[in-house]
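What follows is one structure encoded as structure tokens, with my remarks underneath.
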Amino acid sequence: MKRSRATSPPSISAAAKQQISPPATPILRQKLHKAGVPKWFPLKLTQTELTLPLTFPTGQTFRWKQTGAIQYSGSIGPHLVSLRQRPGDDTVSYCVHCGTSPKAAELALLDFLNAEISLAELWSDFSEKDPRFGELAKHLRGARVLRQDPLECLIQFLCSSNNNIARITKMVDFVSSLGLHLGDIDGFEFHQFPSLDRLSRVSEQELRKAGFGYRAKYITGTVSALQSKPGGGDEWLLSLRKLELQDAVAALCTLPGVGPKVAACIALFSLDQHSAIPVDTHVWQIATRYLLPDLAGAKLTQKLCSRVAEAFVSKYGEYAGWAQTLLFIAELPAQKALLQSFSQPIQLDKPAEKKTE
DNA sequence: AAGTGCCCTGTGGA
DNA sequence: ATCCACAGGGCAC
């Protein structure tokens, strides 16, 4: 398993890396631990509720880096934190490298991890609705859906269109480098995600030079559209958390570069829209195998995308997005190899017939 | 509605 | 060596 930093970002200009202005509120850089001797605290989540390798390298975020055997690091707001697990130890530990205060960092972390949502309850619920989850649980226990910052999530998935993980990561690294530098861990640089204001000072040309291709205009266009929202783009994005799923998706789709798939990713990974189903070719494969076998081989049209999403929701309910994420993770190469040894295909019930309106 | 060509770039296979 | 399909889409006809 190679780390994506193996190829370093090619053309981050010195100017682009430079901080244009200091952050509005100065970050208090507390010495939370002596250099080289980080202090680890237990998190209020056991391995059943959080398994790091099943959560961070699964395509939900491209900002967190693997900084140890079972250790991932990333920034949440002004905080730079690491999470770690040890073999045979059921607890997950965290370490705060910098931030406003240790308590604030812990709260931000728990929020980011969606800690209030009980995976145990979800597994129990899914297993009743789908016997396949009984088998899946053996290997996918602890896989979570994150609750990311909406702007951060939006920009990341703007980069994801018709793209691969290695390049998405490179592009996200570039955007991140525009934010305040928080520290280095295991050779990785970590930055606070740049503000909307900071992002608005990046030109399409600069982004193209950095390798964004046609997605460059998505970024500048979306940033500009967000800035013109009454009350500011951040508040506008946050307000989508209170809307119904279809309204939130519709609002997101007004932004340039955001279509149904990207909107669903943002909704699920940052807007508390737990039943959002990002339908891409992978999910389509899963759906035609287990949920809609009659449609196997059909072309993935927009109409069929919504049928797939409906099928997931009708089978798994309010948290269908989480169910879909678990099935998706099961299909990732590393997990698939593990599962294949004993997993038998299970024929599932077909969802209730939907009449076309 | 649905179909098609196009948009950027890196990669692996033909 | 060169070409080409394709990679976790979106947009404009």
Side-chain angles (χ1 to χ4, degrees), chain A residues 2 4-12 55-63 143 145-146 148 153-175 202-225 249-270 276-289 295 297-310 312 321 324-336 354-357:
Chain A
K2 289 186 175 55
S4 51
R5 60 153 169 181
T7 56
S8 58
S11 57
I12 298 177
T55 300
F56 285 92
T58 57
Q60 296 187 56
T61 175
F62 304 92
R63 296 221 331 125
V145 169
L146 298 171
Q148 303 181 57
C153 192
L154 166 57
I155 300 297
Q156 291 189 78
F157 282 94
L158 276 180
C159 298
S160 74
S161 80
N162 206 13
N163 209 346
N164 57 69
I165 290 176
R167 188 151 81 105
I168 297 168
T169 303
K170 218 186 291 183
M171 290 158 66
V172 169
D173 283 347
F174 175 83
V175 173
V202 183
S203 69
E204 178 183 342
Q205 186 186 358
E206 286 176 274
L207 291 169
R208 282 188 175 269
K209 200 168 60 183
F212 281 64
Y214 60 84
R215 302 164 198 86
K217 62 180 180 297
Y218 292 167
I219 307 277
T220 57
T222 284
V223 166
S224 165
V249 165
L252 288 170
C253 284
T254 64
L255 301 169
V258 181
K261 196 275 182 177
V262 169
C265 287
I266 299 163
L268 179 60
F269 300 142
S270 75
I277 310 291
V279 181
D280 57 23
T281 53
H282 268 245
V283 175
W284 175 242
Q285 296 302 319
I286 296 169
T288 53
R289 211 174 321 145
L295 296 174
K299 192 163 181 283
L300 187 51
T301 62
Q302 186 177 336
K303 192 72 179 175
L304 284 181
C305 281
S306 31
R307 277 211 56 190
V308 169
E310 284 168 12
F312 270 100
Q324 177 274 140
T325 298
L326 293 170
L327 291 174
F328 183 88
I329 292 172
E331 295 296 320
L332 293 176
Q335 305 305 324
K336 199 165 181 177
K354 285 268 182 180
K355 288 189 170 60
T356 50
E357 31 200 288

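Numbered from 1 within each chain, the chains take letters A, B, ... in sequence-line order.
- For the pair Leu207(A) CG and dC7(B) P, the interatomic distance rounds to 19 Å; values are reported in whole Å.
- At a threshold of 4.0 angstrom between heavy atoms, the contacts of Arg215(A) include nucleobase atoms, whether or not backbone atoms are also involved.
- Heavy atoms of Asn162(A) sit under 4.0 angstrom from at least one base atom.
- Going from the P atom of dC4(C) to that of dG5(B) covers 15 Å, rounded to whole Å.
- Under the stacking criterion of a centre-to-centre distance below 5.5 angstrom and an interplanar angle below 30°, Tyr214(A) sits stacked against the six-membered ring of dC7(B).
- For Met171(A) and dC7(B), the CE to C1' distance is 13 Å, given to the nearest whole Å.
- Atom-to-atom, CG of Asn163(A) to C1' of dC8(B) comes out at 9 Å; the value is rounded to the nearest Å.
- Listed candidates were dG9(C), dG8(C), dC8(B). Nearest to the side chain of Cys265(A) is dG8(C).
- Between Gln156(A) and Gln148(A), the side chains place a donor N or O and an acceptor N or O closer than 3.5 Å (distance only, hydrogens not considered).
- Phe157(A) comes within contact range of at least one nucleobase, with a heavy-atom separation under 4.0 Å.
- Other residues, nucleotides and ligands contribute at most 12 non-hydrogen atoms within 6.0 Å of the CD atom of Gln302(A).
- Using atom P as the reference point in both dT2(C) and dC7(B), the two lie 23 Å apart (nearest Å).
- Taking the P atoms as reference points, dG8(C) lies 23 Å from dC6(B), given to the whole Å.
- Considering only side-chain N and O atoms, Arg167(A) lies nowhere under 4.0 angstrom from the phosphate OP1 or OP2 of dA7(C).
- Between the CG atom of Leu252(A) and the C1' atom of dC11(C) there is a distance of 17 Å, rounded to whole Å.
- Looking at heavy-atom distances under 4.0 Å, Pro278(A) makes no contact with the nucleic acid at all.
- Place Leu255(A) and Phe328(A) on DNA chain C by their nearest nucleotides, and Phe328(A) ends up nearer the 5' end.
- Across all strands shown, Thr58(A) has heavy atoms under 4.0 Å from base atoms, whether or not it also approaches the sugar-phosphate.
- Rounded to whole Å, atom C1' of dA7(C) lies 14 Å from atom NZ of Lys170(A).
- Looking at heavy-atom distances under 4.0 Å, Gly257(A) makes contact with sugar-phosphate atoms alone, never a base.
- The CZ atom of Phe212(A) sits 12 Å away from the C1' atom of dC8(B) (whole-angstrom rounding).
- When heavy atoms are screened at a 4.0 angstrom cut-off, Val283(A) is found touching no nucleic acid atom at all.
- Between dA1(C) and dC8(B), the distance separating the two C1' atoms is 23 Å to the nearest Å.
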